[in-house]
Amino acid sequence: QVQLLESGGGWVQAGGSLRLSCAASGRIFSNYPMAWFRQAPGKEREFVAAISQSGSTYHEDFVKGRFTISRDNAKTTVYLQMNSLKPEDTAVYYCAQGPSYYCDRLCLRRTNVYDYWGQGTQVTVSS
């Protein structure tokens with residue numbers, strides 16, 4: 001049974017930083033791409049960043065230069081380092097584990113390719 005457990009969310013002032021973690025269990029972690037999505041109230045869930053099995057990373061334009069996704073296969077954990085946070089980054093952040101087949105950068109942006117999701121962690125950025 002796959003489980004994804006996010007942590008690290010919270011409240012921060014604009015310009016601050018947070019690091020989200022997502023600990024995975026239940027499958028061979030290194031075999032799967034991982035991603036972060038977010039959902040603000042009244043909005044659809046949107047792609048933030050993804051990291052492939054080989055370590056290639058993809059970040060949505062609105063977080064480039066501010067957020068960085070990484071993974072530690074030994075710890076079966078994926079991270080999202082968030083710097084220079086803005087009020088518009090306020091959302092519930094979800095980690096997700098993707099399929100074992102090859103999925104390119106366009107594929108990794110689609111919610112429907114992800115098999116498993118965490119419960120989400122709230123990030124609130126005040127101005």
Side-chain angles (χ1 to χ4, degrees):
Q1 180 178 345
V2 174
Q3 289 190 319
L4 302 175
L5 184 60
E6 299 108 331
S7 61
W11 178 90
V12 65
Q13 287 189 321
S17 298
L18 286 173
R19 188 175 83 152
L20 305 184
S21 300
C22 173
S25 62
R27 297 200 292 187
I28 300 175
F29 181 77
S30 59
N31 287 352
Y32 303 94
M34 301 294 296
W36 289 95
F37 288 76
R38 70 185 187 186
Q39 189 166 19
K43 294 188 176 181
E44 293 189 353
R45 192 168 298 189
E46 62 181 0
F47 172 79
V48 176
I51 185 165
S52 72
Q53 296 93 318
S54 64
S56 297
T57 60
Y58 310 93
H59 297 82
E60 190 55 90
D61 286 347
F62 54 71
V63 302
K64 279 183 180 177
R66 299 190 299 125
F67 293 10
T68 303
I69 189 171
S70 61
R71 66 189 295 159
D72 185 334
N73 289 336
K75 295 183 177 179
T76 66
T77 300
V78 62
Y79 304 98
L80 186 68
Q81 178 65 45
M82 306 187 295
N83 299 328
S84 302
L85 283 159
K86 304 176 182 180
E88 51 264 44
D89 294 319
T90 295
V92 177
Y93 283 71
Y94 298 90
C95 74
Q97 189 174 71
S100 59
Y101 57 79
Y102 175 70
C103 196
D104 67 14
R105 62 183 181 85
L106 295 179
C107 168
L108 288 171
R109 284 172 160 79
R110 303 200 325 251
T111 57
N112 62 359
V113 305
Y114 290 90
D115 302 317
Y116 296 97
W117 295 82
Q119 82 289 349
T121 185
Q122 176 70 46
V123 171
T124 303
V125 185
S126 66
S127 56

Closest approach of [X] and [Y], non-hydrogen atoms and distance?
| X | Y | value |
| --- | --- | --- |
| A96 | Y114 | CB-CD2, 3.6 Å |
| R45 | W117 | NH1-CE3, 3.3 Å |
| C103 | V113 | SG-CG2, 4.2 Å |
| P99 | P33 | O-CD, 3.0 Å |
| R38 | A91 | CB-CB, 3.9 Å |
| Q119 | L4 | OE1-O, 3.5 Å |

Checklist entry - Passes side chain to side chain contact (heavy atoms under 4.5 Å, CB included), E46 versus F62? Steps please. => result CA-CA 11 Å; E46 62 181 0; F62 54 71; 3.6 Å; yes
Checklist entry - Hey, mind stepping through Y102 and C107 against side chain to side chain contact (heavy atoms under 4.5 Å, CB included) and telling me if it holds? => result CA-CA 9 Å; Y102 175 70; C107 168; over 6 Å; no
Checklist entry - How long is the span from the SG atom in C22 to the CD1 atom in I69, to the nearest 0.5 Å? => result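 One finds 9.5 Å between SG of C22 and CD1 of I69.
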Checklist entry - Between CD of Q13 and OG of S126, what distance do you get to the nearest 0.5 Å? => result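 Spacing of CD (Q13) from OG (S126) equals 5.0 Å.
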Indicate if [X] and [Y] have the same hydrophobic cluster label, given that clusters are the connected sets of ILVMFWY residues with side-chain heavy-atom separations under 4.5 angstrom.
| X | Y | result |
| --- | --- | --- |
| F29 | Y79 | no |
| L85 | W36 | yes |
| V63 | L108 | no |
| V2 | M34 | yes |
| I51 | V48 | yes |

Can you find a heavy atom in the side chain of [X] that is under 4.5 Å from one in the side chain of [Y]?
| X | Y | value |
| --- | --- | --- |
| Q122 | T90 | yes |
| M82 | L20 | yes |
| V78 | Q97 | no |
| T111 | E44 | no |

Got a donor-acceptor contact below 3.5 angstrom from the [X] side chain to the [Y] backbone?
| X | Y | answer |
| --- | --- | --- |
| H59 | G65 | no |
| T76 | S25 | no |
| R71 | S52 | yes |
| Q81 | R19 | no |
| R109 | R105 | yes |

Next on the checklist: Parallel, tilted or perpendicular, judged at 30° and 60°: which one describes the rings of F67 and Y93?
Outcome noted: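 Answer is tilted, since the angle falls between 30° and 60°.
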Checklist entry - Charged N to carboxylate O below 4.0 Å: is that the case for K64 and D61? => result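 Yes.
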Item to check | Neighbour count above 12 (heavy atom, 6.0 Å) for I28 CD1 | outcome: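 Counting other residues, nucleotides and ligands, CD1 of I28 stays at 12 neighbours or fewer.
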Checklist entry - Taking it one step at a time, do R66 and D89 satisfy side chain to side chain contact (heavy atoms under 4.5 Å, CB included)? => result CA-CA 11 Å; R66 299 190 299 125; D89 294 319; 2.7 Å; yes
Next on the checklist: Centroid separation under 6.0 Å, is that true for the rings of Y58 and F47?
Outcome noted: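 No, the ring of F47 stays outside the 6.0 Å limit from the ring of Y58, centre to centre.
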